Amino acid sequence: MNEPQHDLPDPGPVRTEVPVSRATGIEVKSIDWVPLSERTGTPSSLFPLWFMSNANLTTLATGMVGVAMGANFLVSLLAIVLGVCVGTVFTSFHSAQGPQLGLPQMIQSRAQFGYRGVAIVCLVVVASIVGFNIFNQLLAGQVLTATTGVDAGAGWYVLITALALTLAIIGYHWIHRVQKWLTWLFLATFGVFSVVALFALPLPAADFSLGEFDGPAFLVQFAAAAAYALGWAPYVSDYSRYLPPQTSPRKALFYTSSGVIVGAGWLMILGAFVASLFADADPVQAITAAADAIVPGAGAVLLWSALPALITVITINIYAASLELITVADSFRSVRPTRFARIVACSIIGLGGLLGAAFSTGEFLDSFGSFLVVLLYVLVPWTSVNLVDYYFVRRGRYAVAEMFRPQGIYGSWGWRGITAYAIGIAAMIPFVVTTWFTGPIAAAMGGIDIALFVGLAASAVAYVLLARGLDLDAERRLAREEAEAMGVRSVSFGAERG
């Protein structure tokens, strides 16, 4: 297309233009739309980004949850594969939204939840991201203590946060580059280890039997794996929004899903494997013992190679949560979308994870497993509403500039999206299974947790019914007028081209 390539015009009196972003320097954008002149990259870049975001020790720890509850290796493997695939389905469909709209995920969610209403979901996501980073910090600190012999306590968390924060501030393009480089390091270390371990450290025959199928342990491992893969959904398109709008949605979906499935599936299965070998060991102890059992001293080398991935996944989370935090602030008082705003937000998120790790207590796997299950419950209704709106209600056609107007066509409070979200949460309560509370229907079913599917269906049906009152024709006319006036038809109407 030969349309003009320029930024969206000022949508309100408080909006101002920002400098053009350069892929070689510090990113200048935050929650603003990415103009066509700054779109670059190919969808294949999404594979190493999401592969390395999942190929880390936190993912390995997730795969240990089922074994810790009494499941054998085969039961855990089945739960992991099914859980990762289910969670990734939703995550990858969100990723395809980024190139089409050129927006952070939660800015796009203003269409469903409203200009201010989206802050509700953003705060939930920020809390979940900080929670993930606390666990990431704990593991990275354990790695440094184990490999150096120095227990620096919170000092390690300060160092880890400083490194992760620096890369998050530099921004989008360098995050993609670093993840690509780390993919080769990971394949050269954990790739070799995984292959050798399969032959050098055989599991007993009982670990490959379904004779004593542990249903509760299977379901907890399934939920943990699904939640982990789904946990990227609220910000996965943040990392695809710089891709050209001509990017094939199918390719964006493929490279995102393959990166998550391969990275998460591999490390979780490896986690179940080492947990089966070394009962009651934490993730760092288990992977060290497994490597040392093959070659004495190899454990320390493997841990050192795992450390960069832990740091960059903290970066991934800090960067995304900073956009969420700016969105929350902007929902109530207009924020100029500058590099400085993102730096401040990144610093706040980094500090939150640092303090959380410094003051955390308790058993790692117990608290982490419970955290993942709760995360699944609160994210499922949002992903259901967002995807139903994008693919079935509005079909990818949005008035982009209206998402930056407090009194725009999407309103301040999107009561339809908020109501459907609340309905999904309420519908899940009787079916939930946690360490603190088990719903009455779940208890009657013997502890079987099907809350995920109930929440998905309830929110989807509720939103479809509520969305019947939307005046989509008027919205599309406005979107078409804005697109023609601004020269951004390829963005606003990206889904029409297929």
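Here, residue 1 is the first one in the sequence, and each next residue gets the next number. Note that this is a predicted model, so its numbers are computed, not measured.
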Residue pair P381 / S459: nearest heavy atoms and the distance that separates them:
CB-OG, 3.2 Å

State whether the side chain of D292 and the backbone N or O of G299 hold a donor-acceptor pair below 3.5 Å, judged by distance alone.
yes

Close side-chain approach of V125 to L379, heavy-atom, < 4.5 Å
yes

Assess the side chains of S92 and T256: does a donor N or O sit below 3.5 Å from an acceptor N or O?
no

Ignoring hydrogens and geometry, is there a side-chain-to-backbone donor-acceptor pair from T91 to A229 under 3.5 Å?
yes

So salt bridge (charged side-chain N to carboxylate O under 4.0 Å, His left out) across residues 224-242, not counting sequence neighbours, yields E27-R241

I would like to know whether W156 and D151 meet side chain to side chain donor-acceptor pair (under 3.5 Å); could you show each step before the answer?
CA-CA 8 Å; W156 287 137; D151 186 359; 5.2 Å; no

Could you go step by step and tell me if S257 and V89 meet the side chain to side chain contact (heavy atoms under 4.5 Å, CB included) rule?
CA-CA 7 Å; S257 59; V89 166; over 6 Å; no

For the CG atom of L78 and the CG atom of L74, what is their distance to the nearest 0.5 Å?
4.5 Å

Separation between OG1 of T312 and CG of N317, rounded to the nearest 0.5 Å:
10.0 Å

Is the shortest side-chain N to carboxylate O distance from D32 to R342 below 4.0 Å?
no

To the nearest 0.5 angstrom, please state how far the CG atom of D207 sits from the CZ atom of F273.
9.5 Å

Verify, without hydrogens or angle tests, whether Y421 (side chain) and V378 (backbone) share a donor-acceptor contact under 3.5 angstrom.
yes

Can you tell me how far the OG atom of S384 sits from the CZ atom of F90, to the nearest 0.5 Å?
7.5 Å

Within the distance-only criterion (no hydrogens, no angle test), does the side chain of W33 pair as donor or acceptor with the backbone N or O of L101 below 3.5 angstrom?
yes

As an exercise, state the distance from OG1 of T315 to CG of L163, rounded to the nearest 0.5 Å.
8.5 Å

Using the rule given for ring pair (Phe, Tyr, Trp, His ring centres under 6.0 Å), can you reason through F132 versus Y228, listing the C-alpha separation, both sets of side-chain angles and the distance that settles it, and then say yes or no?
CA-CA 10 Å; F132 263 118; Y228 197 91; 5.6 Å; yes

S258 side-chain N/O to Y255 backbone N/O, donor-acceptor pair under 3.5 Å
yes

Is the backbone N or O of L243 less than 3.5 Å from a side-chain atom of R39, with the two atoms forming a donor-acceptor pair by type?
yes

Within the structure provided, determine whether M445 and I450 are in side-chain contact (heavy-atom separation under 4.5 Å).
yes

Measuring from atom CG of L387 to atom CG of L456, what distance do you get when rounded to the nearest 0.5 angstrom?
9.0 Å

Heavy-atom side-chain contact between D389 and Y398 under 4.5 Å
yes

Sub-4.5 Å side-chain heavy-atom contact between V143 and L139:
no

Identify the two heavy atoms, one from C346 and one from I318, that lie closest to each other, and give their separation to 0.1 Å.
O-CG2, 3.6 Å

Using distance alone, with no hydrogens and no angle criterion, decide if N54 and W266 have a side-chain donor and acceptor under 3.5 Å apart.
no

Evaluate side chain to side chain contact (heavy atoms under 4.5 Å, CB included) for S276 paired with N72, printing each intermediate quantity in order.
CA-CA 7 Å; S276 300; N72 66 14; over 6 Å; no

Taking every heavy atom of A442 against every heavy atom of V433, the minimum-distance pair comes out as CB-CG2, 3.6 Å

Would you check, one step at a time, whether the test side chain to side chain donor-acceptor pair (under 3.5 Å) holds for Q97 with N386?
CA-CA 10 Å; Q97 298 172 4; N386 182 267; 3.0 Å; yes

Please evaluate residues S237 and Q105 with respect to the criterion side chain to side chain donor-acceptor pair (under 3.5 Å), reporting the C-alpha separation (whole Å), side-chain torsions for both, the decisive distance (0.1 Å), and the verdict.
CA-CA 6 Å; S237 71; Q105 185 70 67; 3.0 Å; yes

S305 side chain vs L302 backbone, donor-acceptor pair below 3.5 Å
yes

Pairwise side-chain contact, F113 with W382, heavy-atom cut-off 4.5 Å (strictly under)
yes

Show your working on side chain to side chain contact (heavy atoms under 4.5 Å, CB included) between F437 and V432 and close with a plain yes or no.
CA-CA 8 Å; F437 171 78; V432 302; 3.6 Å; yes

Which atoms form the tightest heavy-atom contact between A420 and V385, and what is the distance?
CB-CG2, 3.7 Å

If you compare all heavy atoms of M52 against all heavy atoms of L182, which two are closest, and at what distance to 0.1 Å?
SD-O, 3.7 Å

Check the angle between the aromatic planes of F218 and F222 and answer parallel, tilted or perpendicular using the 30° and 60° thresholds.
parallel

Is P249 close to Q100 at the side-chain level, that is, under 4.5 Å between some pair of heavy atoms?
yes

Where does the angle between the aromatic ring planes of Y172 and Y242 fall among parallel (under 30°), tilted (30 to 60°) and perpendicular (over 60°)?
tilted

Kindly state each residue pair satisfying ring pair (Phe, Tyr, Trp, His ring centres under 6.0 Å) with at least one member in residues 303-342, sequence neighbours excluded.
Y239-Y319

Criterion side chain to side chain contact (heavy atoms under 4.5 Å, CB included) on V380 and L230, from CA distance to verdict:
CA-CA 8 Å; V380 156; L230 181 62; 3.7 Å; yes

With a 3.5 Å distance limit and no angle check, can you tell me whether T189 reaches the backbone of L185 through a side-chain donor-acceptor pair?
yes

Taking the side chain as C-beta and beyond, is there a heavy-atom pair between S53 and Q179 under 4.5 Å?
yes

Would you check if the side chain of Y391 reaches a backbone N or O of F93 as a donor-acceptor pair within less than 3.5 Å?
yes

Heavy atoms, side chains only, cut-off 4.5 Å: are P104 and T327 in contact?
no

T58 side chain to N136 side chain, donor-acceptor N/O pair below 3.5 angstrom
yes

Restricting to non-hydrogen atoms, name the atom on V328 and the atom on A119 that form the minimum distance, rounded to 0.1 Å.
CG2-O, 4.1 Å

Tell me whether S331 contacts the main-chain N or O of Y115 through its side chain, where contact means a donor paired with an acceptor under 3.5 Å.
yes

Give the ring-plane orientation class for F51 versus F47, where under 30° counts as parallel, over 60° as perpendicular and anything between as tilted.
parallel

